[in-house]
Trainee: 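Have a look at this one.
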There are 2 protein chains.
Amino acid sequence: MRLSTKGRYGVKAMVDLALHSGDEQPVPIKDIADRQEISEHYLEQLIAGLRKAGLVKSVRGAQGGYMLAQAPDAIVVGDLLRTLEGTIAPADCVAEDKPVNCERADNCVTRILWEKIHDSINSVVNSITLQDMVNEYKRLNGQESM
Amino acid sequence: MRLSTKGRYGVKAMVDLALHSGDEQPVPIKDIADRQEISEHYLEQLIAGLRKAGLVKSVRGAQGGYMLAQAPDAIVVGDLLRTLEGTIAPADCVAEDKPVNCERADNCVTRILWEKIHDSINSVVNSITLQDMVNEYKRLNGQESM
DNA sequence: CCAAATCCGACTAAATTACTTGGGATTTAC
DNA sequence: GTAAATCCCAAGTAATTTAGTCGGATTTGG
């Protein structure tokens with residue numbers, strides 16, 4: 001049930017972006033990679049996915065970088081994780097987009113269990129916004145930089 | 001967040017065992033493997049872990065097999081998954097046994113998120129027993145065999 | 001003794017993960 | 001108009017994990 005670095009790094013990067021989105025300046029990927037200690041090129045790939053999903057905007061060229069595509073309180077962590085990880089389902093048969101169904105789908109006991117786990121995860125990640133995480137961060141860290 | 005076959009097969013096998021535990025006869029692994037369509041040798045490894053964790057008992061020799069070590073309503077799915085998967089935490093820093101802590105543990109925002117996800121998963125899997133799954137199964141399938 | 005079983009440890013193929021490498025396209029500052 | 005900054009894109013790759021296989025030793029009921 002472990003998230004891959006895609007999910008973990010990607011969410012971190014987005015919180016970083018949210019924290020530095022006060023100014024209207026786009027944030028270059030290098031800054032995020034340095035602050036979060038993530039390989040720059042690898043992070044680039046993750047953000048590419050988020051951009052294609054419409055969650056971040058990019059500005060090319062010098063002084064360019066990335067910005068959130070929507071306000072931090074309009075982006076839920078669930079959307080990030082689903083984009084980054086492909087799916088957050090514990091089993092393929094309960095995946096949100098492409099539910100691979102086994103033959104015995106109708107009378108599979110464990111499937112109900114996977115559904116309950118999936119629902120439970122979704123209820124958490126769909127209720128937490130980037131703004132919530134920023135607030136939490138500021139509460140914990142006061143004036144310190146990330 | 002996908003469970004591996006260890007977790008999925010293991011839980012299936014335990015539900016199977018619970019379903020066939022009415023008789024006091026131990027159930028040979030071959031029967032479970034056939035019914036659940038799992039490689040016999042592979043399942044053997046999974047059950048070995050469950051046995052070491054005290055969740056199943058074995059009877060060696062001819063007419064031997066496996067039995068639940070406790071009543072089905074005393075075994076929660078969470079114990080199975082933790083044994084089978086090692087941990088069900090979404091990130092190592094919130095793992096139940098060996099919480100690998102990063103330096104910035106104290107002021108890590110995402111950690112709080114992983115904790116919430118972890119708690120949410122645990123609340124589900126720790127509240128569902130094998131008996132619950134057997135009941136659900138019987139409700140769905142009536143007289144049919146598994 | 002023999003067949004049915006568990007037990008045990010090593011080996012392996014395939015897939016996935018977590019990157020790296022190398023370059024190209026676009027924009028801005030000077 | 002050139003250099004620097006930056007995003008964009010596609011391949012390649014090393015390490016790890018997954019999902020098994022294989023071969024045999026041990027135990028036990030009949």
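Just so it is clear, the model here is predicted, and its values are computed rather than measured. Residue numbering restarts at 1 for every chain, and letters A, B, ... go by the order of the sequence lines.
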Trainee: Find which nucleotide of DNA chain C each of Ser4(A) and Gly61(A) is nearest to by heavy atoms, and output the residue with the more 5' nucleotide.
Mentor: Ser4(A)
Trainee: Calculate the interatomic distance between His41(A) atom NE2 and dC7(D) atom C1'; express it in whole Å.
Mentor: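 Going from His41(A) (NE2) to dC7(D) (C1'), I get 11 Å.
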Trainee: Closest-nucleotide mapping onto DNA chain D: is Gln63(B) or Tyr9(B) further toward the 5' terminus? I mean the 5' end.
Mentor: Tyr9(B)
Trainee: dT6(C) base to Arg60(B) side chain: any donor-acceptor pair below 3.5 Å?
Mentor: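 Answer is yes: a donor-acceptor pair is held.
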Trainee: State whether Arg2(A) places a side-chain N or O below 4.0 Å from either non-bridging phosphate oxygen (OP1 or OP2) of dT17(C).
Mentor: no
Trainee: Are Glu44(A) and His41(A) close enough that a side-chain donor and a side-chain acceptor fall under 3.5 Å?
Mentor: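 Their side chains do contain a donor-acceptor pair, which is all the 3.5 Å distance test asks for.
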Trainee: Please determine whether any donor N or O and acceptor N or O are separated by less than 3.5 Å between the side chain of Gln45(A) and the base of dT20(C).
Mentor: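 For Gln45(A), whose side chain was compared with the base of dT20(C), there is a donor-acceptor pair (under 3.5 Å).
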Trainee: Counting only side-chain nitrogens and oxygens, does Tyr66(A) get under 4.0 Å of the OP1 or OP2 atom of dC8(D)?
Mentor: yes
Trainee: Would you mind reading off the distance between Leu17(B) atom CG and dT6(C) atom C1', rounded to a whole angstrom?
Mentor: 14 Å
Trainee: Check whether Tyr42(A) and Val15(A) end up in the same hydrophobic cluster, where Ile, Leu, Val, Met, Phe, Trp and Tyr are linked by side-chain heavy atoms less than 4.5 Å apart.
Mentor: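 Same hydrophobic cluster.
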Trainee: Distance check: side-chain N/O of Ser58(B) vs OP1/OP2 of dA5(C), anything under 4.0 Å?
Mentor: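 It does not, given that no N or O in the side chain of Ser58(B) lies less than 4.0 Å from OP1 or OP2 of dA5(C).
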Trainee: Once you round it to whole Å, what is the distance between C1' of dA10(D) and OH of Tyr42(A)?
Mentor: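 To the nearest whole Å, that distance equals 16 Å.
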Trainee: Output the rounded distance in Å from NZ (Lys57(B)) to P (dA5(C)).
Mentor: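 Taking NZ of Lys57(B) and P of dA5(C), I get 19 Å after rounding.
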Trainee: Taking 4.0 Å as the cut-off, does a side-chain nitrogen or oxygen of Ser39(B) come that near to OP1 or OP2 on dA19(D)?
Mentor: no
Trainee: From the list dA18(C), dG29(D), dT27(C), which nucleotide is the closest neighbour of the side chain of Ala62(A)?
Mentor: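 Selected nucleotide: dT27(C).
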Trainee: Between Thr5(A) and dA18(C), is there a side-chain N or O to OP1/OP2 distance below 4.0 Å?
Mentor: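 It does, given that an N or O in the side chain of Thr5(A) lies less than 4.0 Å from OP1 or OP2 of dA18(C).
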Trainee: Whole Å only: how far is the CD atom of Glu40(A) from the C1' atom of dA5(D)?
Mentor: 11 Å
Trainee: Tell me the interatomic distance from Arg8(A), atom CZ, to dA18(C), atom P, rounded to whole angstroms.
Mentor: 7 Å
Trainee: For Gln36(A) and Lys12(A), indicate whether the former's side chain and the latter's backbone hold a donor-acceptor pair under 3.5 Å.
Mentor: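 Between the backbone of Lys12(A) and the side chain of Gln36(A) there is no qualifying donor-acceptor contact (under 3.5 Å).
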Trainee: Separation of Gln25(A) atom CD from dA5(D) atom P, in whole Å?
Mentor: 16 Å
Trainee: Honestly curious: do Leu80(A) and Ile128(A) fall in one hydrophobic cluster under the side-chain, below-4.5 Å linking rule?
Mentor: yes
Trainee: Indicate, with yes or no, if Val76(A) and Ile88(A) share a hydrophobic cluster defined by side-chain heavy-atom contacts under 4.5 Å among Ile, Leu, Val, Met, Phe, Trp and Tyr.
Mentor: no
Trainee: Has the side chain of Glu44(A) got a donor or acceptor atom sitting under 3.5 Å from an opposite partner on the base of dC7(D)?
Mentor: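 Per atom types, no contact qualifies.
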Trainee: If you look at every strand shown and take non-hydrogen atoms under 4.0 Å, does Ile29(A) touch a base, only sugar-phosphate, or nothing?
Mentor: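 Ile29(A): backbone/sugar contact only, no base atoms under 4.0 Å.
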Trainee: Using whole Å, what does the distance between atom P of nucleotide dT20(C) and atom CG of Leu43(A) come to?
Mentor: 12 Å
